[in-house]
Amino acid sequence: MARRSGTTHMTLTCYNDNHGYGWRHVDLFVHDEFGRELNWVHWQVDADGPDAADAVTARMEPDLRRVSEWRHGVSAGGVDYWVADAAWT
């Protein structure tokens, strides 16, 4: 995604609790135009994955919208995660 100089963008990230830590959550990250993390906040979810993330985000932050498809990845530690672009309405 092309960025304009001086702009920020937000991403949502959700996870699978592959290791059974019991801490299911969604992160909202704010990044600068170079992709550096500026700030973040998170909230807990009752289940893993994108469907649960979408549901809890709609409930917790009704003015926040996912504006891209979820992109799947696997961390170095073997945790499945998904990232999507987000914006305030």
Side-chain angles (χ1 to χ4, degrees):
M1 171 182 271
R3 305 275 183 237
R4 292 179 292 152
S5 180
T7 63
T8 60
H9 69 281
M10 297 186 299
T11 57
L12 290 165
T13 304
C14 65
Y15 311 86
N16 265 354
D17 187 17
N18 297 52
H19 301 300
Y21 296 137
W23 190 40
R24 295 182 169 111
H25 64 284
V26 177
D27 290 316
L28 172 64
F29 293 102
V30 179
H31 309 272
D32 69 12
E33 68 268 24
F34 303 106
R36 296 177 295 208
E37 182 183 313
L38 300 174
N39 207 346
W40 64 273
V41 64
H42 70 261
W43 47 90
Q44 289 187 272
V45 295
D46 294 329
D48 292 325
D51 291 339
D54 284 341
V56 76
T57 299
R59 210 169 49 246
M60 298 297 296
E61 293 292 350
D63 293 332
L64 183 65
R65 297 286 181 260
R66 180 170 53 85
V67 295
S68 74
E69 296 298 317
W70 288 103
R71 302 176 295 276
H72 178 256
V74 179
S75 74
V79 173
D80 290 295
Y81 66 92
W82 292 264
V83 177
D85 300 314
W88 297 107
T89 58

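Everything numeric in this text was worked out from a predicted model, so none of it was measured.
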Exercise: identify the closest heavy-atom pair between [X] and [Y]:
| X | Y | answer |
| --- | --- | --- |
| Val67 | Ala86 | CG2-N, 3.8 Å |
| Ala47 | Ala52 | O-CB, 3.4 Å |
| Gly49 | Cys14 | C-SG, 3.6 Å |
| Phe29 | Asp27 | CE1-CB, 3.3 Å |

- Euclidean distance, Asp85 CG relative to Thr11 OG1, rounded to 0.5 Å: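 Here the interatomic distance stands at 7.0 Å.
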- Query: Looking at CG of Asp48 and NE2 of His25, how far apart are the two atoms once the value is rounded to the nearest 0.5 Å?
  - Reply: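 That separation rounds to 10.5 Å.
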- If you draw a 6.0 Å radius around CG in Asp46, do more than 12 non-hydrogen atoms from other residues or ligands fall strictly inside?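 Open: at most 12 neighbouring heavy atoms sit under 6.0 Å from CG of Asp46.
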In one Ile/Leu/Val/Met/Phe/Trp/Tyr side-chain cluster, 4.5 Å: [X], [Y]:
| X | Y | value |
| --- | --- | --- |
| Met60 | Trp82 | yes |
| Val79 | Tyr21 | no |
| Val45 | Leu28 | yes |
| Val41 | Tyr81 | no |
| Phe34 | Leu38 | no |

- Answer yes or no: is there a donor N or O on one side and an acceptor on the other, between the side chain of Asn18 and the main chain of Gly78, under 3.5 Å?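 Flag set: sc Asn18 to bb Gly78 pair under 3.5 Å.
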- Query: With respect to Trp70, which candidate in Asp54, Val83, Thr13 satisfies the side-chain contact (heavy atoms from CB on, under 4.5 Å) definition?
  - Reply: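 So the option named by the test is Asp54.
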- Between Trp23 and His42, does a side-chain contact (heavy atoms from CB on, under 4.5 Å) hold up when you go through it step by step? CA-CA 11 Å; Trp23 190 40; His42 70 261; 3.3 Å; yes
- Would Leu12 and Met10 count as a side-chain contact (heavy atoms from CB on, under 4.5 Å) if you check the C-alpha gap in whole Å, the side-chain angles of each, and the deciding distance to 0.1 Å? CA-CA 7 Å; Leu12 290 165; Met10 297 186 299; over 6 Å; no
